[in-house]
Amino acid sequence: MFYLLPLMLERVGILIIVAFLLSRMTSFRQTLHHEDRLPAKLLLIVIFGVFGMISNYTGVEIHGGAIGSEIWQAGVQVDSALANTRIMGVAIGGLLGGPLVGLGAGLIAGLHRLTLGGYTAAACSISTILAGLVTGWIGRRFRRSDPGAPWRAVAIGILMECVQMGIILLIARPFDAAVQLVSVIALPMIVMNGFGTLMFMLIIQSILQEEERTRALQTNQVLHIADRTLPFFRQGLNPASCREAASVILEATDADAISITDREQVLTHVGAGSDHHVPLHSLATQLTRSVLEQGRMSVATSKEDIQCFHDGCSLQAAIVLPLQVRSGTVGTLKLYYTNPDRLDRVQREMAEGLGRLFSTQLELAEAEMQSRLLKDAEVKALQAQVHPHFLFNAINTISALCRTDPDKARELLIQLGVFFRSNLHGARQILIPLSQELRHVEAYLTLEKARFPDKFEMTFDIEPELANLEIPPFTLQPLVENAVRHAFHGLGPHHKGNVCIAASQKGHEVMIVTADNGKGISPDLLDRLGEQAVHSEDGTGTALHNIRKRIAEIYGSEGSFQIESDAHTPGTRVVITLPLHLAHRREMHA
């Protein structure tokens, strides 16, 4: 029995060497990662079935109690048997691939053992097929990546060997020979098969761990590239931004050329093939058109697959990825290679990750553009709300003063120009100085006072150091207009309205208060003002809603807009609070 141990160790060593060589093959690694697919399962059946056949051929012949010396077993005598590692390969195949792989490998190895002959041929064949079925069933729940997986596999392999010894005792005849055989081969086969299973599973785990490390590095590389290209893709698909982004991708990947297109033309091409893949020319390959039409990644592994019509093109392989915005394909990202062998699975997965990230960046760019357009539209809505009635009334007032007080008419024309110039400038900027907004207010009030002399007065209480404080345009003028149009309406000829704008610094915040002494606001209406547009005979509250919304978008939770009023108490206060650290003077053009 003990003389059999080194011989069995030698046979196990052969299989471990084969397993190690397999682990270095890309195709075997890919098969392990896609074992749930039918082609992969069929390949695993062949691989582990061949393992079983090798075990049969390299087994040690046992004749009576004597151990044979032949290295390769082409056949076994009728009164002889084999000690081998056949169960090991079948059990591992079942654990890794599940029932189909276990049964398939078991059939191949078991039937092959039957053809070699010997009085244990039928018993060994049955035990091999049974081992494939059992380990395949266990393999459905076997987690090969768990730290304890190799030892569980060893326990299962030892169990299958013990079952094989039992089947030999049950089926093999003569019974005395079967008992003598088991006494000789049981311990060496159990020990060596357990050892071989452990080594094989450790090799499998090293493949998985190496793959995880590769994926982690690949993910880090993809995120690094995405971070560097983000400023360019946020500008959308245009030749300048795409050229910069393509240069970053070319530098950070193994590709020989990078091309980015929209749906009509090549926006940029850097690297090999730049002599004929020219930016701003129409799409040169049918491969690109197919990706644009289908919206799916496409891989070309030959010059013919790329379908470039230039005879001297050095590009031999390519990955073409769709760039998608809201489920629509807006362009493509192409990674070209001069050597098809460099386009491996790692390159494909990295390129696919880049394509998804770049598509997300383009969606963010479009969302930002839509947000800017929405803000512009809101400002335009404020302007449109002011222009029609205000312009008509101002022109009527100036027209009436042209004969009676030409100097006053001239002054009002100047203020009208200031008013509309402020409208124009405000529509082009996200933030403007407080002093500019106050000039807008003063121009408006000058024109309104000309229409309603002695009806109201305006006071300002602005701390001098806050003159350059930046606030959103059309913030104070609509508040003053609301006071003039609504707060003082219907209070009688003897009531003189007053509107006061005060700005002061309170710690790290700036408070801007617009207060009037007009009518208060009912609680029901107050709850809705600024939160949404309302339906009222006096107005819709759209201006207040837009002011609150723009403050929230620009300053977030650090800014606030509050309306304080009571229907039973005269006066309304609108308090705007802004963070001082975001309100310093800076240019921000929309």
Side-chain angles (χ1 to χ4, degrees), residues 5 8-9 11-20 22-23 28-37 40-41 43-45 47-52 54-55 83-110 124 126-168 185-213 215:
L5 280 172
M8 292 295 297
L9 181 60
R11 271 56 173 185
V12 168
I14 294 173
L15 292 180
I16 292 174
I17 291 172
V18 174
F20 177 78
L22 274 175
S23 72
F28 181 69
R29 290 168 173 261
Q30 293 176 347
T31 300
L32 286 179
H33 286 282
H34 300 287
E35 78 281 355
D36 54 331
R37 301 174 183 173
K41 288 185 179 294
L43 183 58
L44 287 176
I45 289 173
I47 289 174
F48 289 104
V50 170
F51 263 89
I54 294 174
S55 296
N84 56 35
T85 56
R86 176 183 62 253
I87 292 292
M88 181 186 80
V90 173
I92 294 172
L95 292 176
L96 295 179
L100 182 61
V101 175
L103 177 61
L107 284 171
I108 292 174
C124 289
I126 293 171
S127 63
T128 303
I129 297 172
L130 180 62
L133 281 171
V134 173
T135 56
W137 179 78
I138 296 173
R140 293 185 304 175
R141 299 183 179 180
F142 186 78
R143 296 182 178 180
R144 57 193 181 182
S145 58
D146 287 352
W151 296 105
R152 286 197 293 274
V154 169
I156 294 169
I158 290 175
L159 177 62
M160 291 299 99
E161 280 295 345
C162 293
V163 170
Q164 179 173 239
M165 296 302 117
I167 291 175
I168 289 174
I185 69 172
L187 183 61
M189 287 182 63
I190 289 172
V191 171
M192 286 301 108
N193 276 282
F195 173 73
T197 300
L198 177 63
M199 293 297 102
F200 203 116
M201 288 303 300
L202 289 175
I203 290 173
I204 296 297
Q205 279 205 333
S206 72
I207 294 175
L208 299 177
Q209 291 169 359
E210 185 177 335
E211 192 71 21
E212 289 299 319
R213 287 192 294 270
R215 288 180 183 274

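None of these values were measured; they are calculated from a predicted model.
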Min side-chain heavy-atom separation [X]-[Y] under 4.5 Å:
{"X": "Leu9", "Y": "Leu5", "result": "no"}
{"X": "Ile54", "Y": "Leu15", "result": "yes"}
{"X": "Phe51", "Y": "Ile92", "result": "no"}

Closest contact, heavy atoms only, [X] versus [Y]:
{"X": "Pro188", "Y": "Met8", "value": "CB-CG, 4.3 Å"}
{"X": "Ala149", "Y": "Arg143", "value": "CB-O, 3.3 Å"}
{"X": "Val101", "Y": "Ile45", "value": "CA-CG1, 3.5 Å"}
{"X": "Leu95", "Y": "Ala153", "value": "CD1-CB, 3.8 Å"}
{"X": "Ala105", "Y": "Gly49", "value": "CB-N, 3.8 Å"}

Using side chain to side chain contact (heavy atoms under 4.5 Å, CB included) as the criterion, list what pairs up with [X], not counting sequence neighbours.
{"X": "Ala91", "answer": "Thr135"}
{"X": "Leu103", "answer": "Leu107, Ile129, Leu133"}
{"X": "Ile167", "answer": "Ala123, Ser127, Leu130, Val163, Ile171"}

Inset, instruction - Rounded to the nearest 0.5 Å, what's the gap from CD1 on Ile87 to CD1 on Ile156? Could you check? - result: 13.0 Å
Distance-only criterion, 3.5 Å: show the donor-acceptor pairs between side-chain atoms of residues 191-203 and protein atoms not counting sequence neighbours.
residue, atom, partner, partner atom, Å
Asn193, ND2, Glu161, OE2, 2.9
Asn193, ND2, Met189, O, 2.7
Thr197, OG1, Asn193, O, 2.7

Inset, instruction - Any pair with a residue in residues 146-158 that passes side chain to side chain donor-acceptor pair (under 3.5 Å), sequence neighbours left out, goes on the list, sorted by first then second residue, please. - result: Asp146-Arg152
Inset, instruction - May I have all residue pairs that pass side chain to side chain donor-acceptor pair (under 3.5 Å) and include part of residues 85-94, sequence neighbours excluded? - result: Ser55-Thr85, Asn56-Arg86, Asn84-Arg86, Arg86-Thr128, Arg86-Gln164
